[in-house]
Amino acid sequence: MPSQEPPRRRVPGPARPRNAAGRAPRPAARPAPRRRPSSAVPRGRTARGRRPARTLRLGSPRPRLRLVSLALTLVMIAFVVRLLQVQAVDASAYAAKAEKNRYLSYTVAAERGEITDRSGIALATSVDAYDITADPKMFTPADSKAPDAPQQAAALLAPILGADAAELTKKLSKPKSRYAVLARRQTPQVWKQIKDLKSVFAEKAAKDKAAGGPGANVLAGVFQESTTKRVYPNGGLAAGILGYVNAEGKGAGGLESKLDKELAGEDGTIKYAQSGGRRVPTAGTKEVPAVAGSDVELTIDRDIQWAAQKAISEQVKKSKADRGYVIVQNTRTGEVLAMANAPGFDPNDLSQADAAALGNAALQDVYEPGSTSKVMSMAAVLEEGVATPGTHVTVPNRLHRGDRLFKDDVDHRTWNLTLNGVLAKSSNIGTILATGQLGKTQAQANKVLYSYLRKFGIGSPTGLGYPGETPGILAKPQDWSTSQQFTIPFGQGLSLNAMQAASIYSTIANGGVRIQPTLVRGTKGADGRFTPAEAPEQTRVVSEKTAKTLATMLESVVGDEEGTGTKAKIPGYRVAGKTGTANRVDPVRGGYHGYTASFAGFAPADNPQITVYCAIQNPVKGNYFGGQICGPIYKQVMEFALKTLQTPPSGSEPARLPVFSKPDE
């Protein structure tokens, strides 16, 4: 069979025009193709010898579309996985990191509380201050436009800051650092000087740059940070009590250290969002306000403190002594009205202070009291009933006891004294004889005396809780050496501090009841509410009868011409007191060297209100007896205190107890 060709597909095209019979007209005859001459170029070459351009055919777009779709799919999957990781798996970690980078937090320092005297007069307060800082990078030649910017800036700042120019240059010459502290806690006046100087240099740099110069400014990198500075308005007044704060603003001595927690308060914080180093105002601010420290009100009377400090400073200087102290105490409440030390220091400028003067020597020095301690021996003798003020005591010029030969401070013939006379003339021998009656044996007498010394507070802290306070030294009676058995009754062989010595006399003045001394009356919190300090502990040491008898005997020391404390007399007031002159243990050389001069007493003797104690260590110029150099200080300070507190004069004459007795009595 003949093959049949498949029917050809008719490709649709534009409709052809048709004639009247409905048929399409025949196409016009095509012209015959022109034949090329035989000399034409070979087939496949152009007239110029080039092959004819090939027709470009486009490939199928589907593979490419598939490849792009796959790539986009992979990218989307990566984004989805990362999104799940950030928002679901590690959401908290990334949120914290974003929070940290976005928000800045600054500490707001709490205002340190004031320390005031009993009348509310500021003894220590805080004022606005500035830390002077710098950006060392801004002192490089590239930033400052000056080759020696650190040296120039240091030379300008050193006189204002009171700092060493070489040290400032060193701090400013660290280009890798962006922060340096040039000086801490400077006054607003200091910063104003620096700010004015910066303005002058900034104007000069602007004019220089406008004129085509480099526009160098060597102070552009100096800044300030607001802070506070502790100041003491009265200079060195009561410095030994107050102490001081360190460079970080923390209490480092005295009550500033002891009460640092109450005074410091609690710092606050300010947290805000930032972007590009700028604060975002619409993001809000989180603030924890600082809580100011509590104000502390002391028992100290500023005026009495001033009088005591002035008196002891002058006498220490006059006697060329190592140091001295004066304690003034309210006998009825135990409140310390003054605690003065000489030499002292100014807590406003510790750089000029002597290291040996820092601290509170009245509480930290331990020394043998000497004859002022005899009042405790007499209290034991009276309380135990082994003698009365009129009991006869024969006092020889020398007394042999144990391995030693004892004497009084002056040579004398045999004295026929009363027990009152033994105290008035401060006889060591008479005291040894009287305390020997406290027991059938010396060992028993030692135990009885020891018990009374402990009741008076010897060998125990005063209760003030002051940093570095000494409790004194008092060995147990079984450990007393042969000589200590006879020296301790008259104040050698035991040690105490000045506050303990004053407390002994306050106990007698208070009818035999020892009140624990206090320095703090109370605190006032940020809410303005005053909280009084806890009531001090009270302990009965001797009976009221014994205390009154002792007070009368102590009047003989001052009021009787035979007494050793006549320089302590105060017109219009009955004064009870006791002198002391002790051999001094040299803390540097070791052994006894020099003397401790002292005087202790209270007034008015008929209605005791105030106790004053004075001690001077190692006076080397002039007299060294306690009655001669401390008696006048006692009088000066006591007179001032009585007037300041408006204490009325005595209303009765003192009882004149006899000093001497007849041998047959």
Side-chain angles (χ1 to χ4, degrees), residues 367-382 387 389-399 401 406-436 449 453 486-494 496 501 504-505 508 549-569 575-584 595-602 605 612-616 619 623-635 657-661:
Y367 57 93
E368 298 185 9
S371 295
T372 52
S373 180
K374 289 174 182 174
V375 70
M376 293 186 288
S377 298
M378 293 299 167
V381 170
L382 293 172
T391 299
H392 173 77
V393 182
T394 301
V395 181
N397 185 43
R398 295 290 188 272
L399 179 67
R401 286 290 187 273
F406 293 94
K407 64 176 183 177
D408 289 325
D409 60 335
V410 294
D411 283 331
H412 58 79
R413 59 180 176 78
T414 298
W415 282 339
N416 292 301
L417 303 176
T418 61
L419 186 65
N420 178 67
V422 169
L423 190 62
K425 297 188 75 65
S426 195
S427 171
N428 295 339
I429 295 175
T431 304
I432 294 173
L433 294 171
T435 55
L449 179 60
L453 296 175
F486 308 107
T487 60
I488 285 178
F490 60 80
Q492 301 272 184
L494 77 162
L496 43 63
I504 294 168
Y505 284 79
I508 301 302
T549 302
L550 269 174
T552 305
M553 292 171 66
L554 288 170
E555 284 191 80
S556 297
V557 177
V558 178
D560 197 294
E561 292 301 322
E562 294 292 336
T564 58
T566 56
K567 288 187 176 295
K569 289 181 179 179
V575 176
K578 182 71 187 74
T579 60
T581 307
N583 291 315
R584 176 175 176 270
Y595 299 93
T596 297
S598 60
F599 191 98
F602 49 86
V612 174
Y613 175 80
C614 164
I616 294 178
N623 206 308
Y624 61 83
F625 289 106
Q628 300 299 312
I629 64 174
C630 286
I633 295 176
Y634 170 91
K635 176 182 179 180
L657 296 179
V659 173
F660 292 100
S661 68

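Remember, it's a predicted structure, so these values are computed and weren't measured experimentally. Just the heavy atoms: all of them, side chains too, but no hydrogens, waters or symmetry mates, feed the values below. Sequence positions, counted from 1, serve as the residue numbers for this chain.
The two atoms that bring Ala597 and Phe625 nearest to each other are CB-C, 4.1 Å, heavy atoms only. In this structure, Ile633 and Ile616 approach most closely via the heavy-atom pair CD1-CD1, 3.9 Å. The two atoms that bring Ala615 and Tyr367 nearest to each other are CB-OH, 3.9 Å, heavy atoms only. Looking at every heavy atom in both residues, Val395 comes nearest to Leu417 through CG2-CD1, 3.9 Å. Considering every non-hydrogen atom in both Val557 and Ala424, the closest pair reads CG2-CA, 3.7 Å. The two residues Leu550 and Ala379 make their nearest non-hydrogen contact at CD1-CB, 3.4 Å.
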Quiz item: Can Ser377 and Thr431 be said to form a side-chain hydrogen bond (donor to acceptor under 3.5 Å, both in side chains), step by step?
Solution: CA-CA 7 Å; Ser377 298; Thr431 304; over 6 Å; no
Self-check item: side chain to side chain contact (heavy atoms under 4.5 Å, CB included) assessment of Asn397 paired with Trp415
Solution: CA-CA 8 Å; Asn397 185 43; Trp415 282 339; over 6 Å; no
Self-check item: CA sep, side-chain torsions, deciding dist, call: Thr579, Ser598, side chain to side chain contact (heavy atoms under 4.5 Å, CB included)
Solution: CA-CA 6 Å; Thr579 60; Ser598 60; over 6 Å; no
Quiz prompt | Working for side chain to side chain contact (heavy atoms under 4.5 Å, CB included), residues Thr596 and Arg584 | solution = CA-CA 6 Å; Thr596 297; Arg584 176 175 176 270; 3.8 Å; yes
Practice problem: Apply side chain to side chain contact (heavy atoms under 4.5 Å, CB included) to the pair Arg401 and Phe406, showing each step before the final yes or no. | Solution: CA-CA 7 Å; Arg401 286 290 187 273; Phe406 293 94; 3.7 Å; yes
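The pair Arg398-Asp408 does not meet the salt-bridge criterion, since no charged nitrogen lies less than 4.0 angstrom from a carboxylate oxygen. Between Glu561 and Lys569 there is a salt bridge, with a side-chain nitrogen of the basic residue lying less than 4.0 Å from a carboxylate oxygen of the acidic one.
Using a 4.5 Å heavy-atom cutoff, the side chains of Ser556 and Met553 are not in contact. Using a 4.5 Å cut-off on side-chain heavy atoms (C-beta onward), Leu399 and Asn428 make no contact. Counting heavy atoms from C-beta outward, Met378 and Thr435 have side chains that stay 4.5 Å or more apart. Between Ile504 and Leu496, some side-chain heavy-atom pair lies under the 4.5 Å cut-off.
Glu555 CD to Asn420 CG: the interatomic distance, rounded to the nearest 0.5 Å, is 10.0 Å. In this structure, the separation between CZ on Phe599 and NZ on Lys635 is 11.5 Å, given to the nearest 0.5 Å. Of the inter-residue distances, the one linking Thr549 atom OG1 with Leu382 atom CG reads 6.0 Å to the nearest 0.5 angstrom. Here the NZ-CD1 distance, from Lys578 to Ile508, works out to 14.0 Å after rounding to the nearest 0.5 Å. In this structure, OG in Ser427 is found 8.0 Å from CD1 in Ile432, a value given to the nearest 0.5 Å. Atoms CD and CZ, from Glu562 and Phe660 in turn, are 4.0 Å apart once rounded to the nearest 0.5 Å.
Residues passing the side chain to side chain contact (heavy atoms under 4.5 Å, CB included) test with Ser373 are Pro369, Met376, Leu494, sequence neighbours excluded. Not counting sequence neighbours, the partners of Gln492 by the side chain to side chain contact (heavy atoms under 4.5 Å, CB included) test are Glu368, Thr487, Phe490, Ala582, Asn583, Tyr592.
The backbone N or O of Leu423 lies less than 3.5 Å from no partner atom in the side chain of Ser426, so there is not a single donor-acceptor pair. A donor-acceptor contact shorter than 3.5 Å links the side chain of Tyr505 to the backbone of Thr372.
Inspection of the Lys425 and Thr564 side chains reveals no N or O donor paired with an N or O acceptor under 3.5 Å.
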